[in-house]
Amino acid sequence: MESCDVLIVGGGPAGSTLAWTLRKRGLDVVVLDKSPFPRDKVCAGWITPATTEFLQLDKEDYSRGRVLQHISGFRTGMINGAEVITRYGTTVSYGIRRFEFDHYLLQRSGARLRLGEPLSTMERKNGAWIINDDVRAPLVVGAGGHFCPVSRFLRGNLARSKREVIAQEVEFEMDESQQRECKVAGDTPELYFCEDLKGYGWCVRKGNFLNIGLGREDNHNVTEQVKSFLGYLRERERIPANVPAHFKGHAYMLYRCASQNLVEDGVMLIGDAAGLAYPKSGEGIRPAVESALMAADVILAAAGDYQRSRLLRYQSLLADRFGKDSPASDIMPQSVRRFVSRRLMENRWFSRHVLLDRWFLNTHRPALS
Ligand SMILES: Cc1cc2nc3c(=O)[nH]c(=O)nc-3n(C[C@H](O)[C@H](O)[C@H](O)COP(=O)(O)OP(=O)(O)OC[C@H]3O[C@@H](n4cnc5c(N)ncnc54)[C@H](O)[C@@H]3O)c2cc1C
């Protein structure tokens, strides 16, 4: 039987960041993922500079043979409404392809990888976990995303909440004629809000790749909403006429409050498995990475004693970082919904300083100390 200090279930940004951080401090880490890598992940692939900083991403190295699209502005508005273009004159975000990004981070982590292997059994024996009857570890970290089996094991189906985002997306490489037809600029992604403000659609161009999608906190008729969003984009000639018809769906949770059960004896949850995405923008990669760094700190301090009482500090760190409670605001605060939304969205000052700087770019949120 194989053994390790920490077994991480899931090799997405949360799992690979934790593995990388623990490996740097000399722990023996195994990452188990049901998918062989590289693998696709349904995601727009927009990341903020804070994420690249926390990851200490070597951008020059990363850019070799991979897409790292610099973003210096946004086109925003309501679907069927007026638009505002905000330009920053400097890079305020990046576009990446999850197929490349997640693979890069996982390879970089230095962990032992068991890929293409789902978690099938998890048993407690003599104070340690036996995973898939084949790996023994005193600590198992659930980083398996929204459908993480460790999260289900720990919390049952409590994980489903009103703050679930249902999204559909397509990402494809444009041929030459599609590239000519596409009006979406790589440095200026486009965000269009649904009239009820329960979600938004996006077009993110990354080099020759185009990612189009729509996510909502309300799971009624998402497919219809996606269709009508595509119709809107085509009507305005923003995207090529022949976008692939097959959109992939996925779900994830927005951060709600800090009191959830995220640790147990020898078990922790990080990233989407813990439901940490920012409620206003749906950005999930940065909180996934941040939660991994906080978890690493607690794991290292516990020095092999992974009783619940030693791991509870992780929940306090999350509460300090993400807030004790996030009001149920449906992506945007109730107060601004419908009533003034259309007006606000047309306002340049609001678009830049509130919608983008505060809600999407989180420029007010300090670096993780
Ligand atoms: C349509 C859409 C668009 C999005 N766009 C953005 C965006 O532009 N920017 C942003 O910051 N966030 C975005 N998000 C959110 C973001 O994708 C997630 O928050 C982020 O991927 C969370 O990372 P993670 O490592 O926690 O989980 P994941 O990236 O989901 O990784 C989980 C891993 O666990 C593995 N796994 C699952 N089940 C098992 C099992 N049983 N056994 C073993 N392994 C398992 C999976 O194969 C996967 O590799 C988007 C989400 C969606 C759905």
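When a ligand or atom number is given, it counts from 1 through the structure's own listing order. What you see is a predicted model, and the numbers here were worked out from it, not measured in a lab. Atom set for the values below is all heavy atoms of this structure, side chains included, hydrogens, waters and symmetry mates excluded. Sequential numbering from 1 along the given sequence is applied to the chain's residues.
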Location of contacts on [X] toward ligand 1, heavy atoms closer than 4.0 Å:
X: H146; answer: neither
X: A143; answer: backbone
X: Q168; answer: neither

When you measure from [atom] to every protein heavy atom, which one gives the shortest distance, and what is it?
atom: atom 30 (O) of ligand 1; result: K41 CE, 3.3 Å
atom: atom 27 (O) of ligand 1; result: G145 CA, 3.6 Å
atom: atom 37 (C) of ligand 1; result: G144 O, 3.2 Å
atom: atom 12 (N) of ligand 1; result: G284 N, 3.0 Å
atom: atom 5 (N) of ligand 1; result: A44 N, 3.0 Å
atom: atom 6 (C) of ligand 1; result: C43 SG, 3.2 Å
atom: atom 23 (O) of ligand 1; result: P13 CD, 3.7 Å
atom: atom 31 (O) of ligand 1; result: G12 CA, 3.6 Å

Among [options], closest by any non-hydrogen atom to [atom]:
atom: atom 25 (O) of ligand 1; options: A14, P36, G45, G213; result: A14
atom: atom 47 (O) of ligand 1; options: I8, D33, D272, V9; result: D33
atom: atom 38 (N) of ligand 1; options: R39, R152, K34; result: K34
atom: atom 53 (C) of ligand 1; options: Y252, F247, F360; result: Y252

Quick check: I285 and ligand 1, any N/O pair under 3.5 Å apart?
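Indeed, backbone or side chain, I285 has an N or O that close.
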Whether [Y] and [X] form a salt bridge (side-chain N of Lys/Arg under 4.0 Å from carboxylate O of Asp/Glu) is what I want to check.
X: E171; Y: R97; answer: yes
X: E290; Y: R321; answer: yes
X: R308; Y: D265; answer: no
X: D28; Y: R112; answer: yes
X: E169; Y: K248; answer: no

Of all the atoms in ligand 1, which lie at a distance below 4.0 Å from a heavy atom belonging to [X]?
X: S35; value: 47 (O)
X: G10; value: 33 (C), 34 (O), 35 (C)
X: W46; value: 7 (C), 8 (O), 9 (N), 10 (C), 11 (O)
X: A167; value: 1 (C)
X: F37; value: 49 (O)
X: P118; value: 42 (N), 43 (C)
X: W202; value: 1 (C), 3 (C)
X: R98; value: 16 (C), 17 (O), 20 (C), 21 (O), 29 (O)

Quick one: do W20 and L105 satisfy side-chain contact (heavy atoms from CB on, under 4.5 Å)? Show the steps, please.
CA-CA 8 Å; W20 173 65; L105 296 180; over 6 Å; no
Would you check whether P149 reaches within less than 4.0 Å of ligand 1, judged by its heavy atoms?
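The answer is yes, since P149 has a heavy atom less than 4.0 Å from ligand 1.
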L119 heavy atom under 4.0 Å from ligand 1:
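Judged by the 4.0 Å heavy-atom criterion, L119 does count as contacting ligand 1.
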Using 0.5 Å steps for rounding, measure from the OG1 atom of T188 to the NZ atom of K183.
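Output value for this atom pair is 15.0 Å.
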Measure centre to centre between the rings of [X] and [Y], then say whether the value is under 6.0 Å.
X: Y104; Y: F37; value: no
X: Y232; Y: Y192; value: yes
X: F209; Y: F172; value: no
X: Y306; Y: W129; value: no

As a quick check of understanding, evaluate side-chain contact (heavy atoms from CB on, under 4.5 Å) for Y94 and Q69, giving each step before the final call.
CA-CA 5 Å; Y94 299 92; Q69 173 70 58; over 6 Å; no
So, applying ring-ring contact (aromatic ring centres under 6.0 Å, His included) with Y200, which one of F193, F229, F74 is it?
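Going through the options one by one, the only one that passes is F193.
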Quick one: does NZ or CZ of R66 land under 6.0 Å from the six-membered ring centre of Y62, within 45 degrees of the ring axis?
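Positive - R66 is close enough to the ring of Y62 and near enough to its axis.
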Should L318 and I285 be regarded as members of a common hydrophobic cluster, given that ILVMFWY residues are connected when their side-chain heavy atoms come within less than 4.5 Å of each other, either directly or indirectly?
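Yes, L318 connects to I285 through the hydrophobic network.
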